[in-house]
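For the numbers below, each heavy atom of this structure counts, side chains included, while hydrogens, waters and symmetry mates do not. Note that this is a predicted model, so its numbers are computed, not measured. The residues of the chain are indexed from 1 along the displayed sequence.
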Amino acid sequence: MDTKELYREILNERNLNPSHKKAMSGATCVLNGVNPSCGDNITLSLKVQDGKIADASYEGSGCAISQASCDIMIDLILGKSEEEAKRLCGLFMRMVTEGADEKELEELDEAAALQDIAKMPARVKCAELGWRTMKEALMSKGKSAEKSLPHC
């Protein structure tokens with residue numbers, strides 16, 4: 001199986017059988033993220049305890065890329081500090097716009113399945129939706145119990 005086929009399989013599996021697509025009670029921050037160009041819409045719930053992401057989930061609808069990317073992102077940030085989650089977000093954003101080196105791809109784990117999105121500019125916002133929403137939720141934590149991120 002070649003790498004591109006493996007990546008497609010990862011995205012399909014995450015879209016069809018997401019691990020984190022569910023309601024969550026007890027979230028410390030909830031943020032809605034929308035990609036108006038594609039119609040993707042997610043509500044991301046994070047439970048942050050002692051500066052670490054203890055739990056996370058999302059609800060919503062959208063294309064396979066936005067849904068799979070959000071599910072993969074949650075796997076990657078669970079148990080991480082807020083700062084580490086934001087750093088990984090920056091790494092992911094660079095990967096889908098400029099590319100990434102082997103070390104960065106390894107660090108992004110399954111999120112590296114989205115590296116070819118950099119070659120499809122119209123789909124970048126789909127892949128970034130969950131990540132942008134997470135970063136904004138962490139940056140605005142404590143300012144508002146729930147808010148909406150209208151444009152990603």
*Asks:* Just so I know, are the side chains of Leu108 and Ile72 near enough to count as touching, which here means a heavy-atom distance under 4.5 Å?
*Replies:*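 They are not in side-chain contact.
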*Asks:* With hydrophobic residues grouped by side-chain heavy-atom distances under 4.5 Å, do Ile77 and Met24 end up in a single group?
*Replies:*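 No, Ile77 does not connect to Met24 through the hydrophobic network.
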*Asks:* Within this structure, what is the OG-CG distance for the pair Ser45 and Leu31, rounded to the nearest 0.5 Å?
*Replies:*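 If I round to the nearest 0.5 Å, the distance is 9.5 Å.
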*Asks:* Using 0.5 Å steps for rounding, measure from the CG atom of Leu44 to the SG atom of Cys29.
*Replies:*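 Leu44 atom CG to Cys29 atom SG measures 7.5 Å (nearest 0.5 Å).
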*Asks:* Would you say the side chain of Phe92 lies within less than 4.5 Å of the side chain of Leu114, judging by non-hydrogen atoms?
*Replies:*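 They are in side-chain contact.
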*Asks:* Kindly state each residue pair satisfying side-chain hydrogen bond (donor to acceptor under 3.5 Å, both in side chains) with at least one member in residues 51-75, sequence neighbours excluded.
*Replies:*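 Sorted result for residues 51-75: Arg14-Asp71, Arg14-Asp75, His20-Asp75, Lys21-Gln67, Asp40-Ser66, Ser69-Trp131.
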*Asks:* So, using salt bridge (Lys or Arg N to Asp or Glu O under 4.0 Å) as the criterion, who are the partners of Lys86 when residues are at least two apart?
*Replies:*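 Lys86 satisfies salt bridge (Lys or Arg N to Asp or Glu O under 4.0 Å) with Glu83 once adjacent residues are dropped.
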*Asks:* Quick one, Ile65 with Leu129, criterion side chain to side chain contact (heavy atoms under 4.5 Å, CB included). Give me CA distance, side-chain angles, the key distance, then yes/no.
*Replies:* CA-CA 10 Å; Ile65 291 171; Leu129 179 60; over 6 Å; no
*Asks:* Might you point out which heavy atoms bring Met95 and Ala112 nearest each other, and give the distance in Å?
*Replies:*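 Scanning both residues, the minimum pair turns out to be SD-CA, 3.9 Å.
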*Asks:* Show me the pairs that pass side-chain hydrogen bond (donor to acceptor under 3.5 Å, both in side chains) and involve residues 92-101, at least two apart or across chains.
*Replies:*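 Qualifying pairs: none.
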*Asks:* Please round to the nearest 0.5 Å and tell me the distance separating atom CG of Leu88 and atom CE of Met134.
*Replies:*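 These two atoms lie 7.5 Å from each other.
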*Asks:* Would you please test Asn35 and Asn41 for side chain to side chain contact (heavy atoms under 4.5 Å, CB included) and show each step?
*Replies:* CA-CA 6 Å; Asn35 175 3; Asn41 185 337; over 6 Å; no
*Asks:* Work out which heavy atom in Ile117 is nearest to a heavy atom in Ala127; give both atom names and the distance.
*Replies:*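 Nearest pair, atom of Ile117 first, then Ala127: CG2-CB, 4.1 Å.
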*Asks:* Between Ile42 and Asn32, what is the shortest heavy-atom contact and its length?
*Replies:*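 Scanning both residues completely, I find the closest heavy atoms to be O-ND2, 2.9 Å.
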*Asks:* The criterion is salt bridge (Lys or Arg N to Asp or Glu O under 4.0 Å); which residues satisfy it with Glu106, sequence neighbours excluded?
*Replies:*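 Partners of Glu106 by the salt bridge (Lys or Arg N to Asp or Glu O under 4.0 Å) criterion come out as none, since no residue qualifies.
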*Asks:* Rounded to the nearest 0.5 Å, how far apart are CG of Leu46 and CD of Glu82?
*Replies:*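 Separation between the atoms: 9.0 Å.
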*Asks:* What are the two closest heavy atoms between Ala100 and Leu105, and how far apart are they?
*Replies:*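 For Ala100 versus Leu105, the nearest heavy atoms are CB-CD2, 3.9 Å.
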*Asks:* Measuring only between side-chain heavy atoms, which start at C-beta, is Glu128 closer than 4.5 Å to Met93?
*Replies:*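 Yes - at least one pair of side-chain heavy atoms lies under 4.5 Å apart.
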*Asks:* Using side chain to side chain contact (heavy atoms under 4.5 Å, CB included) as the criterion, list what pairs up with Glu13, not counting sequence neighbours.
*Replies:*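 Glu13 satisfies side chain to side chain contact (heavy atoms under 4.5 Å, CB included) with Asn17 once adjacent residues are dropped.
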*Asks:* Ignoring hydrogens, what is the shortest heavy-atom contact between Leu11 and Ala68? Give both atom names and the distance.
*Replies:*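 Residues Leu11 and Ala68, closest heavy atoms: O-CB, 3.6 Å.
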*Asks:* Any side-chain heavy-atom pair from Arg123 and Cys63 closer than 4.5 angstrom?
*Replies:*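 Yes; the side chains approach each other to less than 4.5 Å.
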*Asks:* Quick one: list whatever passes salt bridge (Lys or Arg N to Asp or Glu O under 4.0 Å) with Lys119, sequence neighbours left out.
*Replies:*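 Salt bridge (Lys or Arg N to Asp or Glu O under 4.0 Å) check on Lys119 returns Asp116.
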